[in-house]
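All heavy atoms count here, side chains included; hydrogens, waters and symmetry mates do not. Keep in mind it's a predicted model, so treat the numbers as computed, not measured. Every chain is numbered from 1 and lettered A, B, ... according to where its sequence line falls, protein lines coming before strand lines.
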Amino acid sequence: MDVRVRFAPSPTGYLHVGGLRTALYNYLFAKKHGGKCILRIEDTDRTRFVENATENLIENLRWAGIEFDESLEKEGEFGPYIQSERFDLYTKYGKELLEKDLAYYAFDTSEELEAMRERLKQEGGSFKYDRNKMRNSITLGKEEAEKLIAAGEDYVIRMKVPEEGEVRFKDIIRGEVKVPCKDVDDQILLKSDGFPTYHLANVVDDHFMQISHVIRGEEWLPSTPKHVLLYQFFGWDTPDFAHLPLLLNEKKAKLSKRHGDVAVEDFRAKGYLRDAFVNFIALLGWNPTGDREIYSMQELIDLFDLSKVNKAGAVFDLKKLAWMNQQYLKELPTSEAVPVLKAELEKHEVTGLEDNYIAQVFELFKERVTFISEIPEMTSYLYTEPTEFDEKYMAKRWKEDTADMVKPLIEKLSQLEEFTHDSTHDLTKAHCEEADVKMGQLMHPLRLMLTGISSGAGMFDTMALIGKDRCIKRFETFLAKKESGEI
RNA sequence: GGUCCUAUCGACUAACGGUUAGGUCACCAGCCUUUCACGCUGGCAGUGGGGGUUCGAAUCCCCCUAGGAUCACCA
């Protein structure tokens with residue numbers, strides 16, 4: 001059988017990380033089996049139309065490295081790939097069900113349905129549609145129903161779930177699932193505006209697009225019996241199902257927009273690296289070996305195994321994501337980092353630096369940060385002379401005699417022709433041996449005078465980056481301030 | 001409340017009847033070191049409970065408990 005899978009999001013205006021994981025697994029599965037991965041937009045809810053939502057979706061998926069074999073932008077032979085343009089299909093198959101007596105008209109208003117649910121709640125038990133007590137073509141009779149429709153009354157079409165028996169289906173991840181028919185609701189198939197609900201549209205489209213495997217989130221598991229029944233009603237083959245474990249927040253509830261970031265673009269904006277993010281998402285619910293964390297997209301494809309995906313939900317841990325990002329940041333080619341860092345520096349009004357200089361800054365700081373965006377702030381002393389000096393650091397490292405100890409070294413440094421990491425290092429080392437002081441005794445005061453803070457890259461690298469003239473000037477300024485008692 | 005799903009360190013996971021239950025994040029300690037990081041080494045920490053099946057159970061079955069999802073003219 002040809003593998004054909006689809007990612008079928010509704011255009012809500014953003015791509016949820018759970019959606020990205022679903023799209024990714026569909027993609028990995030298709031690639032692994034040499035099949036096709038399809039993108040279908042499910043926009044049957046007219047009330048939720050969002051401008052540019054589809055473009056946003058596609059753009060974010062593309063960023064993640066997920067390319068579809070068939071989509072709105074790349075039509076295959078099973079289009080259209082957006083449900084609002086497949087309207088007639090759903091009408092046709094809704095009608096077919098009506099003719100087969102596997103569906104019926106219902107005229108209940110939302111108030112009447114509300115009242116029914118309230119009543120059912122009082123009685124205890126389920127809240128499913130009470131077919132025999134409501135206003136529909138079963139209680140009213142076909143003729144009366146047609147009269148109402150002719151008179152212009154609003155109606156929906158509901159599926160007629162058998163009263164006896166049970167629905168069974170195989171889930172690749174969970175095994176066999178069974179649900180008694182009496183617990184399956186008479187789902188609305190066609191709404192009063194004539195548009196289909198997800199359930200009808202999804203089944204019809206999956207059938208005609210020849211989808212072989214339905215890979216989606218676990219939230220769809222409870223409605224899958226309805227879908228299976230629909231396949232049976234139509235006499236169509238049922239695809240294989242795989243319901244992915246939910247992505248959870250710290251409280252172990254479904255990750256939702258209410259708490260923190262869930263949109264892929266939020267993570268992008270924060271500066272997460274594409275490969276790191278995708279790697280992390282891929283490992284939520286599955287790990288190919290258990291003794292490795294870093295995998296390329298190609299490795300994920302080669303190793304992907306749907307049947308080994310976890311059943312239990314996975315908590316989305318930002319700390320591990322941060323670690324993952326750092327791992328990728330360390331390996332990021334400097335040429336790719338430079339434009340990003342340059343833009344970040346511009347946000348801090350640092351401009352006019354040579355690419356080569358920015359590259360050196362990145363090299364020195366990539367192992368000290370999670371995001372490139374953190375670099376400008378922690379390297380501000382490279383661009384402007386420090387005016388504040390960490391008091392704790394000063395108290396700890398600047399003693400009575402420090403000025404006198406440091407002056408001879410500064411004098412020697414100022415004589416240096418070549419001011420590089422090696423030359424300053426060699427000179428300082430020789431000086432320390434000669435003067436019989438430990439390197440640390442001088443390194444800290446130098447750092448204090450030059451940067452004002454206690455952390456940063458190696459001192460000799462830092463000096464080389466600041467340059468001889470600026471270094472000497474900062475030493476002198478600091479010493480003068482010390483002498484005048486300003487600091 | 002009905003239905004369905006789920007249950008290995010705090011978190012992500014490996015072990016698909018036989019391992020001293022492994023790896024990673026986080027945390028702690030040490031090493032490295034001119035600081036901060038990185039890195040390295042070590043440590044803490046887990047099969048929810050009870051019954052079965054079996055020579056042997058994290059793994060298979062049942063019950064309990066706990067969590068979650070779902071029950072819209074949303075997807």
Side-chain angles (χ1 to χ4, degrees), chain A residues 8-12 42-45 47-48 106 108-110 113 117 120-129 154-158 171 173-174 177-180 182-185 187-193 195-199 201-202 217-225 243 245-246 248 250-254 280 283-294 307-308 310-324 326 330 364-369 378 393 397 425 428 432 438-448 451 453-460 462:
Chain A
S10 60
T12 53
E42 311 225 326
D43 63 339
T44 55
D45 186 359
T47 64
R48 280 219 231 166
D108 317 282
T109 64
S110 53
L113 289 168
R117 290 192 192 102
L120 260 21
K121 199 173 175 181
Q122 299 299 322
E123 292 171 5
S126 74
F127 309 148
K128 59 175 278 210
Y129 184 74
D154 273 354
Y155 67 93
V156 298
I157 293 173
R158 288 181 179 269
D171 185 288
I173 295 170
R174 286 150 216 286
V177 180
K178 299 182 267 194
V179 182
K182 67 172 176 54
D183 292 321
V184 180
D185 202 359
Q187 183 65 50
I188 289 176
L189 263 17
L190 287 163
K191 302 181 256 187
S192 55
D193 63 3
F195 274 80
T197 57
Y198 169 90
H199 310 278
N202 199 261
E218 191 190 333
E219 67 269 27
W220 292 107
L221 199 49
S223 53
T224 303
H243 288 93
L246 257 19
L248 275 21
E250 325 67 61
K251 289 176 191 145
K252 301 218 177 227
K254 192 167 139 185
F280 176 76
L283 263 31
L284 251 26
W286 166 71
N287 188 305
T289 62
D291 60 3
R292 255 178 80 190
E293 304 294 324
I294 308 296
S307 68
K308 289 190 118 183
N310 253 267
K311 298 176 180 67
V315 174
F316 192 95
D317 181 15
L318 285 169
K319 284 202 178 130
K320 189 157 182 178
L321 209 209
W323 170 81
M324 185 76 81
Q326 198 176 15
K330 284 195 296 185
L364 250 24
F365 284 87
K366 64 180 180 182
E367 289 186 353
R368 291 163 221 269
V369 296
M378 68 194 298
Y393 191 39
R397 300 295 187 178
H425 170 269
T428 307
C432 287
K438 283 186 200 153
M439 292 272 274
Q441 280 178 279
L442 291 179
M443 291 296 91
H444 290 290
L446 287 189
R447 180 178 296 282
L448 176 66
T451 75
I453 55 175
S454 64
S455 66
M459 205 58 249
F460 301 110
T462 305

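- With sequence neighbours excluded, the residues satisfying side-chain contact (heavy atoms from CB on, under 4.5 Å) with A:P445 are A:W398, A:T402, A:V406.
- With sequence neighbours left out, A:Q122 forms a side-chain contact (heavy atoms from CB on, under 4.5 Å) with A:E118.
- With sequence neighbours excluded, the residues that form a side-chain contact (heavy atoms from CB on, under 4.5 Å) with A:S223 are A:H199, A:W220, A:K226, A:H227.
- Nucleotides B:U47 and B:C36 have their C1' atoms positioned 40 Å apart, rounded to a whole Å.
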Under-3.5 Å N/O pairs linking protein and nucleotides 15-21 of chain B:
unit_1, atom_1, unit_2, atom_2, d
B:A15, OP1, A:K308, NZ, 3.0

Produce the list of close N/O pairs, under 3.5 Å, pairing protein atoms with atoms of nucleotides 27-31 of chain B; give distances to one decimal.
none

Extract from the structure each pairing of a protein N or O with an N or O of nucleotides 60-62 of chain B at less than 3.5 Å, listing the distance.
none

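- In this structure, A:K178 reaches the sugar-phosphate backbone alone: every heavy-atom distance under 4.0 Å involves primed, P, OP1 or OP2 atoms, never a base.
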For nucleotides 69-75 of chain B, print each protein N/O atom paired with a nucleotide N/O atom at under 3.5 Å, atom names and distance only.
unit_1, atom_1, unit_2, atom_2, d
B:A69, OP1, A:K254, N, 3.2
B:U70, OP1, A:K254, NZ, 2.7
B:A72, OP2, A:R117, NE, 2.9
B:C73, OP2, A:R117, NH2, 3.3
B:C73, O2, A:S192, N, 2.7
B:C73, O2, A:S192, OG, 2.6
B:C73, N3, A:S192, OG, 3.0
B:C73, N4, A:D108, O, 3.3
B:C74, OP2, A:K191, NZ, 2.9
B:C74, O2', A:D45, OD2, 2.9
B:C74, O2', A:R48, NH2, 3.4
B:C74, O2, A:R48, NH2, 2.3
B:A75, OP1, A:T44, OG1, 2.8
B:A75, OP1, A:K191, NZ, 2.7
B:A75, OP2, A:Y198, N, 3.2
B:A75, O3', A:E42, OE1, 3.2
B:A75, O2', A:S10, OG, 3.1

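- Side-chain proximity of A:V179 to B:U35, B:C4, B:A14: nearest is B:C4.
- Qualifying salt bridge (charged side-chain N to carboxylate O under 4.0 Å, His left out) partners for A:D45, counting only residues two or more places apart in sequence or in other chains: A:R48.
- With sequence neighbours excluded, the residues that form a side-chain contact (heavy atoms from CB on, under 4.5 Å) with A:D154 are A:S192.
- For B:U34, its base never sits under 3.5 Å from the side chain of A:K438 at any donor and acceptor pair.
- In terms of the salt bridge (charged side-chain N to carboxylate O under 4.0 Å, His left out) criterion, residue partners of A:R174 (sequence neighbours excluded) are, by chain and number, A:E218.
- Qualifying salt bridge (charged side-chain N to carboxylate O under 4.0 Å, His left out) partners for A:K254, counting only residues two or more places apart in sequence or in other chains: none.
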What nitrogen or oxygen pairs link the protein and nucleotides 36-42 of chain B at under 3.5 Å?
unit_1, atom_1, unit_2, atom_2, d
B:C36, O2, A:R368, NH1, 2.5
B:C36, O2, A:G456, O, 3.3
B:C36, N3, A:R368, NH1, 2.3
B:A37, O2', A:E367, O, 2.4
B:C38, O3', A:K330, NZ, 3.0
B:C38, O2', A:E367, OE1, 3.4
B:G39, OP1, A:K330, NZ, 2.9

